[in-house]
Amino acid sequence: MTLLLVGIAASVAGVIQRVTGLAFVLVLIGPIVLVYGAVEGVTLAVLLAVIASAFALPSAWRHVDWPRTLWLLGAGLLAAPFGALMTRLLPEPALLFVIAAMAIVALLGPRLSSPAAALLRGRRGAIVAGAAAGFMHSSSGLSGPALAAYAVSDRWEQRRFAASAQVIFLGYGLVSVALRGLPASPTWEVVVLGACTAAGIVGGALLVRVVPVALARAVMLWCAWIGALVVLVRAILAVTA
């Protein structure tokens, strides 16, 4: 039953990621951590995110915005080892607070003053957002808020962002798997969850043509905010437990 719960969550997360460009780990993190625990759950989620991006990329390839993608990807890959190092140095409550704060600041940036919003525009914005996203991906798998904030601030067209995000997540994910290692769960369980993830991506590829851009962008931002707040609540519970 628990495997079924996580499998359904993986399928739903795959659909949302293919339509909006992100939110796979944001949607999956609650059920998978509940079933597998914090460390193994995040490790599994990061691996499944690699599978999701790999299956989404072929249908999205022609829409990839390579200049933005390469700056976001490069900055993130440079920052990823520091995120993995931080997970080894900080106690879990402190780590969760740092990640939640970075996510919230990233999402609030475009709503603040012009100078603050300008930090997430153009090449400089791609470097800032990419570094934050890569750091957060290797430490928690939750790189979506920083990328969502950049996409909104730089007025990135939704379809091109959704396609480009698959390249970015694939790069972040492969490095994060290398830094974190493979899951300790039985191979057959990982295979089942990978198949559920792939099925969700295929379903999302069919829906992406009919879902309005405004709705996709709204869902993307809601998922990003929910993910940031979930991390903050986990941090508070870890301190008060």
Side-chain angles (χ1 to χ4, degrees), residues 16-26 46 49-83 102-103 105-138 141-179 201 204-205 208-209 211-214 216-221 223-224 227:
I16 293 176
Q17 166 140 335
R18 184 61 189 89
V19 172
T20 68
L22 50 77
F24 182 83
V25 177
L26 295 175
V46 168
V50 170
I51 296 172
S53 297
F55 272 86
L57 191 54
S59 63
W61 184 265
R62 69 182 184 277
H63 299 296
V64 174
D65 183 342
W66 286 106
R68 282 178 167 132
T69 297
L70 292 177
W71 281 107
L72 287 163
L73 184 58
L77 294 183
L78 289 175
F82 296 99
M102 290 178 63
V105 168
L107 286 166
L108 285 176
R111 298 176 179 271
L112 300 177
S113 63
S114 296
L119 288 175
L120 292 176
R121 294 186 190 135
R123 183 177 297 177
R124 177 176 60 181
I127 293 173
V128 172
F135 182 91
M136 293 170 67
H137 198 98
S138 63
L142 296 172
S143 54
L147 296 179
Y150 171 74
V152 172
S153 185
D154 205 48
R155 298 180 181 178
W156 199 350
E157 194 270 322
Q158 178 63 32
R159 175 171 289 188
R160 290 178 68 80
F161 167 72
S164 303
Q166 309 316 311
V167 178
I168 296 167
F169 285 135
L170 184 59
Y172 289 173
L174 289 172
V175 170
S176 297
V177 168
L179 292 170
I201 291 294
V208 73
R209 301 174 184 176
V211 174
V213 172
R217 179 60 57 91
V219 171
M220 178 185 74
L221 288 174
C223 288

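In what follows, residues are counted from 1 in the order of the sequence shown.
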Roughly how far, to the nearest 0.5 Å, is [atom2] of [Y] from [atom1] of [X]?
{"X": "Q166", "Y": "R18", "atom1": "CD", "atom2": "CZ", "result": "6.5 Å"}
{"X": "L73", "Y": "R68", "atom1": "CG", "atom2": "CZ", "result": "15.5 Å"}
{"X": "R159", "Y": "R62", "atom1": "CZ", "atom2": "CZ", "result": "7.0 Å"}
{"X": "I51", "Y": "L170", "atom1": "CD1", "atom2": "CG", "result": "11.0 Å"}

Tell me the closest heavy-atom pair linking [X] and [Y], and the distance in Å.
{"X": "A163", "Y": "A60", "value": "CB-O, 3.2 Å"}
{"X": "S138", "Y": "A80", "value": "OG-O, 2.6 Å"}
{"X": "L72", "Y": "A129", "value": "CD2-CB, 4.1 Å"}

Practice problem: Could you check V46 against V25 for side chain to side chain contact (heavy atoms under 4.5 Å, CB included), going step by step and ending with a plain yes or no? | Solution: CA-CA 7 Å; V46 168; V25 177; 5.7 Å; no
Can any side-chain N or O of [X] pair as donor or acceptor with the backbone N or O of [Y] at less than 3.5 Å?
{"X": "Y172", "Y": "G130", "result": "yes"}
{"X": "S53", "Y": "V50", "result": "no"}
{"X": "S143", "Y": "H137", "result": "no"}
{"X": "S153", "Y": "Y150", "result": "no"}
{"X": "S164", "Y": "D65", "result": "yes"}

Practice problem: Dump the intermediate steps for side chain to side chain contact (heavy atoms under 4.5 Å, CB included) on I16 and F24, then the final yes or no. | Solution: CA-CA 7 Å; I16 293 176; F24 182 83; over 6 Å; no
